[in-house]
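Please read all numbers here as calculations on a predicted model, not as lab measurements. Atoms considered below: every heavy atom in the structure, side chains included; atoms not considered: hydrogens, waters and symmetry mates. Every chain is numbered from 1, with letters handed out A, B, ... down the list of sequences.
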Amino acid sequence: MTCSYTPVIGLEIHVQLATATKLFCACPTGYIGAVPNSNVCPVCLGLPGTLPVPNARAVEFSLRTALALGCSVQRGTRFHRKNYFYPDLPKAYQISQYDLPLGLGGSLDVRMDGDVHRIRITRVHMEEDAGKLVHACGDGRLSGADHSLADYNRAGIPLMEIVSEPDIRTPREAREYVAELRRLVRCLDVSDGDMESGSLRVDANISVKCSDGRWGSKVEIKNMNSLRALERALDFEIVRQTAVLEKGETVFQETRHWDDVSGHTRSSRSKEEAHDYRYFPDPDLPPLFFEESWVTSIAATLPELPWMRRERYASTFGLSGDDVGVFLEDRCLAEYFDALVGAGVTPSRAANWIRTEVLRVLNEVGGGMAAFPVAAAELASLLAAVERRELSVTAAREVFDAMHKEHLSFEKASRRCGIASGNLGENALKDLLRSVLEENADVVEEIRSGGDVKGKKIRFLQGLVMRKARGQANPESVLQLLEDMLRGEQ
Amino acid sequence: MKEFSGFDVDPELRNTLVHAARVCQDAGAELVDISLPVTIGFGLACYYILAPAEASSNLARYDGVRYGLRAEGDTLLEQYFRTRGAGFGKEVKRRILTGTYVLSSGYYDAYYLTAQKVRRRIVQEFAQVFSGVDAILLPTSPCLPFRRGELVDDPIRMYLTDVFTLPVNLAGLPGLSLCTGYAKNGLPLSVQLVGKAWSEQQLLGTAAVLESRFGTPRIAPLETKTHFKGGERL
Ligand SMILES: [Zn+2]
């Protein structure tokens, strides 16, 4: 008889905290593009006689995340040393947390196809990053390389590790879990959550359970640098482990590396390298005890979390899943949306305008929402004019372009585009109409003589007026006025 | 101190302690007998678990990668072995091995964790004693100074000479050693004063009074110089 196989997946996620300085020294954290070994000091180089001093901001960021994940925050927490030798580890131990992590026992809900899956979080803890090795020659691995170069710019950068329970059942669920966690850290402003650059690193533990009761050993997969890579690697591993169990063989406990090019995982660490990390409390760092009031104030000042925002946008504003998705990925965009709605723009129009016009500009210009020059209040004025039908959508786009290109207010941009603010006055509009009627005496004649059965001709005149008004007239009132004037002069 | 009487303390050091006590009394101190059973009974063992554990981790950075001695090898592991094999002395290696052992999984609870608990007891014991006294007078060492390298092959005996000083470090208290004169062979005699936490100022003041009353010469007699010659690297 055939068995069914259930994957059992747990994720360990390292999030690089967006602090200005490292976890235990005052070195800057911006290592990307920096000259190797330029952001280092005696502390993060682990020189003898130096002592670490914890970065309060990193603790706060981790606390914020732990609280948002519903973890119980420990009153006291402490750092442990994880001892092992490797050239990228300056002190030959990593300062991490072990038996008293900052947060314990939270959860994160993953939404898939309308269902909600609750993934339990085991723990949230702080640790320092290691340096980076560049292996010259060979195949880029340490063995076979001519020599290796060590860059300690990254050494000591604060990381937060978030460990899930093995509650994940499918690769897609794993992907959604990571995506939601990424939204969370971005929303909390504790990390940029970028997987490509390594700000968010995912290691997966996966085993396969057979319905006949057999279990494969837990395999750890590393080196997945995107959500897609994570999903593919897990897919691959499920097939591999299932095949091993099908053959009646044993899945070995090991660490495997994902190769995005070949689409395979390969065994990467042999058993003889199995480490005994000899964890013990770091004698250089006293335990941290949090004042109740500090934790309470952090909890009280958490921003609206992604799942709350999702709920509000969907139920209060009736936004589509797509719209909600876009806003959840970018908190600045969402806040811009909220500002527009707050200024009276209808939610659907605000969402639509952001997704078409604002995102178009951001794509062209780059720099993200933070650098976007049009204040929400100004765009709201523009959209209000559209809503009052004082401005056609085409004219509004023209004004909008002037606003972001030349950093103009709505008022100035309208004038710049030859459109006075607000609607043309009634007299001005009538003047405009009269001139159009005079210029098109032949058409007027045809209409008056009853030759406009289908109303095409009057709409032609309406179009001319609208063009001349540069969108600053309500098309319906133009039509009404035209009918009145044509009738009145009959 | 009660426990001290059970120790094999050099007679000259025993005499100097008795003498020091009398000097204290003459200076107006009230002498009280105290007891530190956990400290004296387990302090040394406790220290020689905790200190090597920390040392094994603290000294791991001397791996030849960033600075200091590097003995090249064909592989990374070989470079580590050679560098550390060549760079550390015998006693340091012994402590690294001891420390690595007591932190290993399976041994951590029995050694390191137990030692931490004992340390806590020592801290409490000292606190108890200090609720009744201002300073503790005790020997610095049970024996006269040994030659450099003399005991390196007999570590237990060597470590035992620290029995009165190490617990003070474990308890995080200020302590000082005070020269009280010279032995027949010309080596310095001493006693130790231990104070409450943060009482360094008082402790130094007390020591200054004692020193002036002892009239200890600042410079050791000439013949002692021979004792500091030779010996192997520690
Ligand atoms: Zn630094």
Tell me if the [atom1] atom of [X] is crowded by more than 12 foreign heavy atoms within 6.0 Å.
X	atom1	value
A/Asp99	CG	yes
B/Tyr111	OH	no
A/Tyr98	OH	no
A/Phe290	CZ	yes
A/Glu12	CD	yes
B/Tyr67	OH	yes
B/Phe81	CZ	no
B/Arg94	CZ	yes

> Step by step, would you call A/Phe85 with B/Arg84 a side-chain contact (heavy atoms from CB on, under 4.5 Å)?
Replying inline: CA-CA 12 Å; A/Phe85 288 95; B/Arg84 295 171 63 77; 3.8 Å; yes
Which region of [X], side chain (C-beta onward) or backbone (N, CA, C, O), has a non-hydrogen atom less than 4.5 Å from a non-hydrogen atom of chain B, or is it both or neither?
X	value
A/Leu89	backbone
A/Tyr93	side chain
A/Tyr152	side chain

Which atom pair, heavy atoms only, marks the closest approach of [X] to [Y]?
X	Y	result
B/Tyr108	A/Pro281	OH-CD, 3.3 Å
A/Pro90	B/Arg66	O-NH2, 2.5 Å
B/Glu54	A/Arg81	O-NH1, 4.2 Å
A/Asp276	B/Ser105	OD2-N, 2.9 Å
A/Leu47	B/Arg61	O-NH1, 3.3 Å

> Do A/Asn83 side-chain atoms and B/Ser57 backbone N/O form a donor-acceptor pair below 3.5 Å?
Replying inline: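 Checked: no pair found.
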> Side chain, backbone, both or neither: which part of B/Thr100 has a non-hydrogen atom closer than 4.5 Å to chain A?
Replying inline: both
> Using non-hydrogen atoms only, which part of B/Tyr62 is less than 4.5 Å away from chain A: side chain, backbone, both, or neither?
Replying inline: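 The side chain, not the backbone.
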